[in-house]
Amino acid sequence: MSLTATSAVSHDERATLKLLALMGGLEGDVKISCADLAERLDASNQTASRRLQRLERAGLIDRDTVSDGQWVVLTDEGERELRAAYEEYRRIFETAPQVDLEGTVTSGMGEGRHYISLPGYQRQFEDRLGYDPFPGTLNVELRAESVRRRRAMDAVEPVPIDGWEDEERTYGPAVCHPATVETADGETYVEAHTIAPERTHHDEDQLELIAPEKLRDVLELTDGDQVIVHVGDH
């Protein structure tokens, strides 16, 4: 029986189950009185007793009442419930974040082709992204809500591209994020990256992407096509 499937007990009872496990109820029987449990839960004796009764009826604990309290142990089903809760929290805190940005394919100014082909950047792309990008970028004009959502990309692990210089000038650093491009027809291209100058807030409605191949050709995109860019680990 799964609590998440049957709603056999409430969040309060689940909190009580967790407390019993912290007291050792997964390893074996622990002795506790309703008064002690009530103090730990910051609740009344009647509330503590009621929670234990509901956990027992749900098959999540076994109890043996004695004169000065009761011995309590979590059942296999009780352990499964706590593991299910653990997996939910693990997905929240350990799964790499993903930011979904919606926009329209547009034509750029052609500058991306020049900069991506520069040797100081190209060497880093091959080393840090694992590929030699097609000399050009896919330009996406973001919708208003996605411009606001773009700030959440700060939570995604970036791939830094260092600044460098040659005999003529200095080139600034950039930052890349792994990205998957999805078309309106559901076609996807996984091995792409967003690219932007480091620490810039200009043109936040413009998103540029690089990939080993020309994304327009591979995904059969033209100006005005709608795409979703999923920014996060591949």
For the residue pair E220 and E187, establish whether any side-chain heavy-atom pair is separated by less than 4.5 Å.
no
The test is salt bridge (charged side-chain N to carboxylate O under 4.0 Å, His left out); show your working for D76 and R80 and say whether it passes.
CA-CA 6 Å; D76 291 343; R80 280 193 291 272; 5.2 Å; no
Quick one: CG on L74 to CG on L17, what's the gap to the nearest 0.5 Å?
4.5 Å
Tell me whether L20 shares a hydrophobic cluster with L22, the cluster being built from Ile, Leu, Val, Met, Phe, Trp, Tyr side chains joined at under 4.5 Å.
no
Just how far is it from atom CD of E13 to atom CD of E81, taken to the nearest 0.5 Å?
11.5 Å
With clusters defined by side-chain heavy atoms of hydrophobic residues (ILVMFWY) lying less than 4.5 Å apart, directly or transitively, does M23 cluster with V73?
no
List the steps, then state whether salt bridge (charged side-chain N to carboxylate O under 4.0 Å, His left out) holds for E79 with R83.
CA-CA 6 Å; E79 180 178 353; R83 288 190 179 277; 3.1 Å; yes
Between V175 and W164, is there shared hydrophobic-cluster membership here, with clusters defined by ILVMFWY side-chain heavy atoms closer than 4.5 Å?
no
Step through the shown structure and confirm whether more than 12 heavy atoms of other residues, nucleotides or ligands are within 6.0 Å of CZ on R128.
yes
Is a donor from one side chain sitting under 3.5 angstrom from an acceptor on the other, for E208 and T194?
no
Is E126 atom CD crowded by more than 12 heavy atoms from other residues, nucleotides or ligands, each under 6.0 Å away?
yes
So do L55 and T16 actually touch side chain to side chain, heavy atoms under 4.5 Å?
yes
What do the steps show when you test T188 against H230 for side-chain contact (heavy atoms from CB on, under 4.5 Å), and what is the final call?
CA-CA 10 Å; T188 59; H230 306 285; 5.8 Å; no
Side chain to side chain contact (heavy atoms under 4.5 Å, CB included) with V229: which of V99, D100, L207, T180?
L207
Cluster overlap V218 with I116, hydrophobic side-chain contacts below 4.5 Å:
no
Quick check: is V159 connected to Y189 through a chain of hydrophobic side chains (ILVMFWY, heavy atoms under 4.5 Å apart)?
no
Locate the shortest heavy-atom distance separating G172 from Y121; write the atom from each residue and the value.
O-OH, 2.6 Å
Interatomic distance, I32 atom CD1 to R63 atom CZ [nearest 0.5 angstrom]
11.5 Å
Give the intermediate values and the outcome of side-chain contact (heavy atoms from CB on, under 4.5 Å) for residues L41 and T47.
CA-CA 9 Å; L41 294 172; T47 296; over 6 Å; no
Exercise: identify the closest heavy-atom pair between A192 and V181
CB-CG2, 4.3 Å
Can any side-chain N or O of D166 pair as donor or acceptor with the backbone N or O of R169 at less than 3.5 Å?
yes
Walk me through it: do Y131 and I210 pass the test side-chain contact (heavy atoms from CB on, under 4.5 Å)?
CA-CA 10 Å; Y131 59 83; I210 58 176; 3.9 Å; yes
Closest approach of H177 to P158 (non-hydrogen atoms, all atoms of both residues)
NE2-CB, 3.6 Å
Side-chain contact test, heavy atoms from C-beta onward, threshold under 4.5 Å: evaluate it for R57 versus R54 and give yes or no.
yes
Distance-minimising heavy-atom pair for D205 and R150:
N-NH1, 4.4 Å
Any side-chain heavy atom of R50 within less than 4.5 Å of one from S44?
no
Would you indicate whether the side-chain heavy atoms of R216 and D223 approach each other to under 4.5 Å?
yes
Taking S117 for the side chain and P135 for the main chain, is one N or O donor matched with an acceptor at less than 3.5 Å?
no
Which heavy-atom pair separates L52 from C34 by the least distance, and what is that distance?
CD1-SG, 4.4 Å
With side-chain contact (heavy atoms from CB on, under 4.5 Å) as the test, would you mind laying out the steps for S10 and R51 before giving the verdict?
CA-CA 9 Å; S10 69; R51 291 186 188 180; over 6 Å; no
Measure the CD-CD1 distance between Q122 and I161 for me, rounded to the nearest 0.5 Å.
12.0 Å
Have a look at L209 and tell me which of I195, N139, V231, L138 forms a side chain to side chain contact (heavy atoms under 4.5 Å, CB included) with it.
L138
Distance col, row L26:CG vs L82:CG, nearest 0.5 angstrom, shows 6.0 Å
For S146 and E102, indicate whether the former's side chain and the latter's backbone hold a donor-acceptor pair under 3.5 Å.
yes
Counting only heavy atoms not in E145, do more than 12 fall under 6.0 Å of its CD?
yes
Beyond-backbone contact of E141 with Q206, side-chain heavy atoms, under 4.5 angstrom
yes
Has the side chain of T75 got a donor or acceptor atom that lies under 3.5 Å from a matching backbone atom of G78?
yes
Any chance CG of D217 has more than 12 other-residue heavy atoms, nucleotides or ligands included, within less than 6.0 Å?
yes
Is L19 close to L37 at the side-chain level, that is, under 4.5 Å between some pair of heavy atoms?
yes
Looking at every non-hydrogen atom in both residues, tell me the closest pair between N45 and A38 and how far apart they are.
OD1-CB, 3.4 Å
Side chain to side chain donor-acceptor pair (under 3.5 Å) assessment of Q226 paired with T104
CA-CA 5 Å; Q226 303 296 310; T104 304; 3.0 Å; yes
Got a second to check how far Q124's CD is from L118's CG, nearest 0.5 Å?
11.5 Å
Sub-4.5 Å side-chain heavy-atom contact between D68 and K31
yes
